[in-house]
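Proteins come first, then strands; the chains are lettered A, B, ... in the order of their sequence lines, and each starts at number 1. Just so you know, these numbers come straight off a predicted model, no measurement behind them.
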Amino acid sequence: MATFPKRTHTCGELRAAHVGKDVTLTGWVQTRRDLGGVIFVDLRDRFGKTQILFAPQVDQAAYEGAKDIRSEYVLSVTGRVAPRPEGTENPELPTGTVDVEVHSLVVLNKAETPPFAIEDDIDVNEDIRLRYRYLDLRRPVMQQNLATRHRGYQITRSYFDRNDFVEVETPILMKSTPEGARDYLVPSRIHHGKFYALPQSPQTYKQILMVSGFDRYFQIVKCFRDEDLRADRQPEFTQIDVEMSFVDEEDVMSTAEGLAADIFKGILGVDVPRPFERMSYREAMNRFGSDKPDTRFGMEIRDCSEVVAGSGFRVFQETVAKGGIVGAICVPGLADSTRNQMDNLTALAKSMGAGGLVYLKVHGDTIECSAEKFLKPEEVKAIAVWAGAVAGDLVLLISGPWNKALTILGGLRLEMAGRLNLIPRDAWNLLWVTDFPLLEYSEEEKRYVAVHHPFTAPHPDDLALLDSAPDKVRARAYDLVLNGNEIAGGSIRIHSTEMQSRMFRLLGIDDESAKLKFGFMLDAFKYGAPPHGGIAFGLDRIMMLLTGSRSIRDVIAFPKTSSAMSLMDDAPSGVDPRQLDELHIRIV
RNA sequence: GGGGUCGUAGCUCAGUUUGGUUAGAGCGCCUGCCUGUCACGCAGGAGGUCGAGGGUUCGAGUCCCUUCGGCCCCGCCA
């Protein structure tokens with residue numbers, strides 16, 4: 001049943017070659033320009049914009065009707081494609097050489113004036129955009145972002161399909177597990193007092209699929225973590241989840257590189273050089289102060305510990321004696337920073353956890369040092385030389401335990417590079433970070449916790465250290481880093497019941513609770529688990545980077561605010577008491 | 001949990017430092033004029049719970065307390 005004229009073309013389609021044709025367009029009114037005797041309207045759909053023209057000499061009724069249309073009205077218009085008069089073409093629009101002279105106007109729906117303009121460069125607060133997300137998503141830039149994301153899905157599915165992977169859906173309602181992030185819980189109506197959890201990742205399921213013989217699995221899957229949000233972190237996010245059997249690190253990394261290369265080629269047209277660069281966790285920390293180093297610029301960290309170990313400055317001396325590190329970065333051209341600027345930098349360092357900040361202002365032949373009371377001139381000079389400083393540079397020194405001091409220096413490095421505009425915009429630096437530690441000691445929990453997750457296999461060369469020095473054991477884990485952002489992470493897994501039980505014990509999970517929490521997995525492993533490993537990509541983050549977005553909210557159709565609210569539909573919200581009764585839940 | 005910052009017209013903001021006439025601007029919106037505009041132009045007009053609640057004061061957008069919300073960061077995120 002035709003209730004209105006259906007479109008014959010999209011709003012991005014018409015060209016000079018269509019001149020003379022009768023066409024029907026449907027879309028939204030971008031702008032209306034009433035010149036008195038003639039009315040121009042830009043009609044918009046997701047394919048583009050076309051200027052349509054209403055004039056009494058074309059059609060009196062359509063012209064009269066056009067006087068009442070307003071922004072965002074929904075139209076179906078039929079008319080003849082006409083060339084624009086010489087000199088009135090619009091080179092900004094692909095359709096800018098033609099008009100559609102409308103002889104039949106159907107207003108499919110009216111619209112209230114939107115709270116912000118439906119165009120790319122709007123200056124409007126994000127909460128307004130989120131409240132009216134349906135309008136925000138009409139903006140071309142948002143439509144392109146979601147289209148790019150769609151392209152990412154297609155490339156991913158095509159890539160894995162070509163490589164004999166099977167896409168399997170795993171449950172959204174699963175068992176809550178104690179390790180890792182906080183779970184989102186879902187109460188069971190049928191089983192009073194019991195809860196499902198939403199998956200932090202399909203980790204256990206995909207490993208069990210390996211036991212089942214699906215030796216190449218992938219899934220584009222929502223994951224849920226009830227932790228605080230960031231610009232690049234949402235409580236629900238999408239992973240490209242991958243697991244493979246009978247493989248080692250090289251197989252998984254090579255597979256992942258293939259996908260990354262396809263995505264870069266398919267979305268940006270960029271050929272990324274393979275294989276990707278690799279760097280050990282230790283090297284990444286030592287040089288960049290981060291386990292996800294941004295290698296697009298220099299300003300690398302220099303270890304000054306040996307230079308200052310014998311100095312009279314007790315803070316440095318004791319740090320080195322205790323096995324810590326005194327590290328430096330050399331910031332080009334900032335030797336003339338004011339006292340106030342240095343105070344601000346010191347405050348910044350302290351906010352990152354530093355005890356203090358020592359700095360050297362390297363002038364022509366003199367060096368001004370904030371700790372010159374404690375350091376001899378030749379020591380100051382030696383630091384400057386070791387840090388690679390030249391006249392005009394500012395050297396920042398941080399001392400402390402290895403991880404902490406380097407992390408702070410890494411933070412300062414990023415901050416200063418951002419301020420000095422040292423980060424190239426058009427570079428795509430992909431690299432693997434490998435040889436992560438398997439475990440780290442948690443002061444808070446007074447036990448070792450898994451750096452990656454408890455299913456990660458220890459490095460075979462380090463097995464002897466598992467009991468004697470657990471924090472020295474390397475993991476068979478790898479992270480993929482793009483321009484200083486972790487975009488994928490994975491590992492070779494433990495596939496023997498014995499090793500898995502041993503790992504649980506190391507993590508302070510006794511046999512009984514291991515059986516309670518992960519018994520199904522330990523049982524599965526008894527029945528012929530193949531060696532296996534995998535990786536998961538953060539799809540939202542990748543799309544954020546590939547579209548040049550500031551936040552993953554710009555590549556997610558309906559994101560949450562930083563307090564995990566959905567402003568459009570006002571979730572989370574209260575529920576009917578009867579719903580709680582059914583669940584035997586009481587609010588306290 | 002902590003730190004920073006913001007909240008005034010539909011939108012983006014000024015006004016808050018030092019309390020004082022009727023709270024302003026740009027864009028948008030409405031009306032009229034205008035036949036080649038495309039940020040159309042011109043003329044006129046409407047539009048305010050100053051986030052909310054309480055307090056101080058003769059008087060609060062402005063000062064105090066409480067609270068709600070946005071963004072960024074630390075912790076957290078196996």
Protein-nucleotides 66-69 of chain B N/O pairs under 3.5 Å:
none

Any base atoms under 4.0 Å from [X], or only sugar-phosphate, or nothing? Heavy atoms, all strands.
X	answer
A/Arg129	nothing
A/Phe116	nothing
A/Ala231	sugar-phosphate
A/Gln57	base
A/Glu126	sugar-phosphate
A/Val449	nothing
A/Pro115	sugar-phosphate
A/Ala55	nothing

Can you tell me the Watson-Crick or wobble partner of [N], both distances under 3.5 angstrom?
N	result
B/U22	none
B/U17	none
B/U5	B/G70
B/C29	B/G45

Checklist line | Spacing of A/Arg129 atom CZ and A/Leu567 atom CG [to the nearest 0.5 Å] | finding: 12.0 Å
Next item on the list: To the nearest 0.5 Å, tell me how far A/Asp471 CG sits from A/Leu439 CG.
Entry: 8.0 Å
Measuring only the [atom1] atom in each nucleotide, how far is [N] from [M]? A whole number of Å is fine.
N	M	atom1	value
B/U57	B/C64	C1'	12 Å
B/G36	B/A14	P	41 Å
B/A43	B/G59	P	44 Å
B/G47	B/A9	C1'	6 Å

Margin query: If I take atom CE in residue A/Met352 and atom C1' in nucleotide B/G3, what distance separates them, rounded to the nearest angstrom?
Written below: 13 Å
Notebook entry, point to check: Parallel under 30°, tilted from 30 to 60°, perpendicular over 60°: which one fits the rings of A/Tyr134 and A/Tyr132?
Noted result: perpendicular
Next item on the list: Please state whether the rings of A/Phe504 and A/Phe518 are parallel, tilted or perpendicular, taking 30° and 60° as the class boundaries.
Entry: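 Taking A/Phe518 first and then A/Phe504, their aromatic rings lie parallel (interplane angle under 30°).
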Note to self: Here's a test of your reading of the structure: between A/Asp123 and A/Val451, which maps to the more 5' nucleotide of RNA chain B?
What the structure shows: A/Asp123
Note to self: Taking donor-acceptor contacts at under 3.5 Å, does the side chain of A/Arg233 reach the base of B/C76?
What the structure shows: yes
Please report, to 0.1 Å, the donor-acceptor pairs under 3.5 Å made by any side chain of residues 82-89 of chain A, with sequence neighbours excluded.
residue : atom : partner : partner atom : Å
A/Arg84 : NE   : A/Gly96 : O            : 3.2
A/Arg84 : NE   : A/Val98 : O            : 3.2
A/Arg84 : NE   : A/Asp99 : OD1          : 3.1
A/Arg84 : NH1  : A/Thr88 : O            : 3.2
A/Thr88 : OG1  : A/Pro85 : O            : 2.7
A/Glu89 : OE1  : A/Gly87 : N            : 3.0

Answer yes or no: does a side-chain N or O of [X] lie under 4.0 Å from OP1 or OP2 of [N]?
X	N	value
A/Arg33	B/A39	no
A/Arg182	B/G1	no
A/Asn90	B/U37	no

Next item on the list: Could you tell me whether A/Arg225 and A/Glu227 have a side-chain N and a carboxylate O separated by less than 4.0 Å?
Entry: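 No, no charged N to carboxylate O under 4.0 Å.
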Next item on the list: Quick one, give me the B/S/- string for nucleotides 28-34 of chain B, reading 5' to 3', where B means a protein heavy atom under 4.0 Å from the base and S means that only happens at the primed atoms, P, OP1 or OP2.
Entry: -SSS--B
Note to self: I need the residues from residues 217-228 of chain A with at least one non-hydrogen atom less than 4.0 Å from RNA chain B; give them sorted by number, or say none.
What the structure shows: A/Arg225, A/Glu227, A/Asp228
Checklist line | Selection: residues 405-423 of chain A, any non-hydrogen atom under 4.0 Å of RNA chain B | finding: none
Notebook entry, point to check: Do A/Asp554 and A/Ser551 have side-chain atoms, one donor and one acceptor, less than 3.5 Å apart?
Noted result: no
Note to self: When you compare the side chains of A/Ser573 and A/Asp570, does any donor N or O come within less than 3.5 Å of an acceptor on the partner?
What the structure shows: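 Absent: no donor and acceptor within the cut-off.
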Note to self: Suppose the criterion is ring pair (Phe, Tyr, Trp, His ring centres under 6.0 Å): which pairs have a residue in residues 547-571 of chain A, not counting sequence neighbours?
What the structure shows: none
[options]: which one has an atom nearest the side-chain heavy atoms of [X]?
X	options	answer
A/Thr31	B/C40, B/C71, B/G36	B/C40
A/Arg230	B/U37, B/C74, B/C72	B/C74
A/Arg84	B/U37, B/C76, B/C72	B/U37

Next item on the list: Carefully, step by step, assess A/Glu13 and A/Thr95 under the rule side chain to side chain contact (heavy atoms under 4.5 Å, CB included).
Entry: CA-CA 7 Å; A/Glu13 198 174 343; A/Thr95 60; over 6 Å; no
